[in-house]
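Just so it is clear, the model here is predicted, and its values are computed rather than measured.
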Amino acid sequence: MPSNAEILIVDDHEDTLYALESALAPLGYRLGRATSGDEALKQVLRGRVGLLLLDVRMPGVSGLEVVRYMRGLEQTQHIPVVLLTGFGPDHELTSAAFGLGVADLVLKPVDPWALRTKVRYLYDAHQHHLALEREIRELRALAGARTEDVASAGRSARTPAGALVPPQRGASPSTPAQERT
């Protein structure tokens, strides 16, 4: 995922989308919007979403169904999701949401300052995680290439006469003088 991935805001009410966009605009991140679960999944699968703010109850595909689908795919399973609900505390919803690995469940109307704080932390942490994964892959590829180079150099290199050769495991160390006697 590119480092300029967007925060996708998903809600079936235009006024809520506008309020959430206004709350997050000061962060300076790219913001996207979707008005249904289907539309959200299409955008997520394009690979440019770095965080999802998702309404729980929408016509058609619900927010929980979107998260279930995302968690089943390798490319989307680690995208942070903040679920939004306007229906008050619900133990079953909370249990299902956190069981699916959502980062947070926020009640509407949202506190803009609190939302910005959560979003900044989750988005930045996810971007750092992705950068570390890329660095690990690059280092593994580099280490693999160097291991192959060393192995091929070892097969083709000859030890000059009289040079000290490191002892093999289990062998006692010897010096060139001892070897000649």
**OP:** Assess whether side chain to side chain contact (heavy atoms under 4.5 Å, CB included) is satisfied between Gln77 and Leu73, documenting all intermediate values.
**Re:** CA-CA 6 Å; Gln77 67 185 353; Leu73 298 175; over 6 Å; no
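At least one side-chain heavy atom of Leu130 sits less than 4.5 Å from a side-chain heavy atom of Arg134. Two residues are said to be in side-chain contact when any heavy atoms from C-beta on lie closer than 4.5 Å; Met70 and Val81 meet this criterion. With contacts defined as side-chain heavy-atom distances shorter than 4.5 Å, the pair Leu52/Val66 qualifies. Looking at Thr85 and Leu107, their side chains come closer than 4.5 Å, going by heavy atoms from C-beta outward. A heavy-atom distance below 4.5 Å is not found between the side chains of Leu142 and Glu138. For the pair Leu24 and Val119, the minimum side-chain heavy-atom distance is below 4.5 Å. Using a 4.5 Å heavy-atom cutoff, the side chains of His78 and His126 are in contact. Side-chain contact between Val102 and Val67 is present, with heavy atoms from C-beta onward closer than 4.5 Å.
Residues Tyr121 and Leu51 fall within the same hydrophobic cluster, defined by Ile, Leu, Val, Met, Phe, Trp and Tyr side chains chained together at heavy-atom separations under 4.5 Å.
The main-chain N or O of Leu45 is found under 3.5 Å from a side-chain atom of Gln75 such that the two form a donor-acceptor pair. Using modelled atom types, no side-chain atom of Ser95 and backbone atom of His91 make a donor-acceptor pair closer than 3.5 Å. Counting only distance, with no hydrogens or angles, the side chain of Tyr123 and the backbone of Ala5 share a donor-acceptor pair below 3.5 Å. Of the possible polar contacts, one joining the Arg71 side chain to the Leu100 backbone as a donor-acceptor pair under 3.5 Å is found.
When all heavy atoms of Ala23 and Leu115 are compared, the pair lying nearest together is CB-CD2, 4.5 Å. The two residues Ser36 and Val10 come nearest to each other via the heavy atoms O-CG1, 3.7 Å.
The structure places CG of Leu53 at 10.0 Å from CG of Asp104, a figure rounded to the nearest 0.5 Å. Of the inter-residue distances, the one linking Glu6 atom CD with Leu31 atom CG reads 8.0 Å to the nearest 0.5 angstrom. With rounding to the nearest 0.5 Å, the separation of CG in Leu64 from CG in Leu93 is 5.5 Å. Between Ser22 atom OG and Leu17 atom CG the span is 10.5 Å, to the nearest 0.5 Å. Going from atom CD of Glu65 over to atom CG of Asp38 covers 9.5 Å, rounded to the nearest 0.5 Å. Expressed to the nearest 0.5 Å, how far CD1 of Ile7 lies from CZ of Arg120 amounts to 10.5 Å.
Ion pairing between a basic and an acidic side chain is recognised when a charged N comes within 4.0 Å of a carboxylate O; Asp55 and Lys108 show such pairing. Contact check on Asp90 versus Arg57 returns a salt bridge, with a Lys/Arg side-chain nitrogen under 4.0 Å from an Asp/Glu carboxylate oxygen.
Few gaps surround CZ on Phe98; more than 12 heavy atoms of other groups in view lie less than 6.0 Å from it. In the displayed structure, Tyr69 atom OH is contacted under 6.0 Å by at most 12 heavy atoms of other residues, nucleotides or ligands.
When the options Glu14, Gln43, Glu39 are evaluated for a side-chain hydrogen bond (donor to acceptor under 3.5 Å, both in side chains) with Arg33, the one that passes is Glu14.
Between the side chains of Tyr18 and Asp11, no donor-acceptor pair of N or O atoms lies under 3.5 Å.
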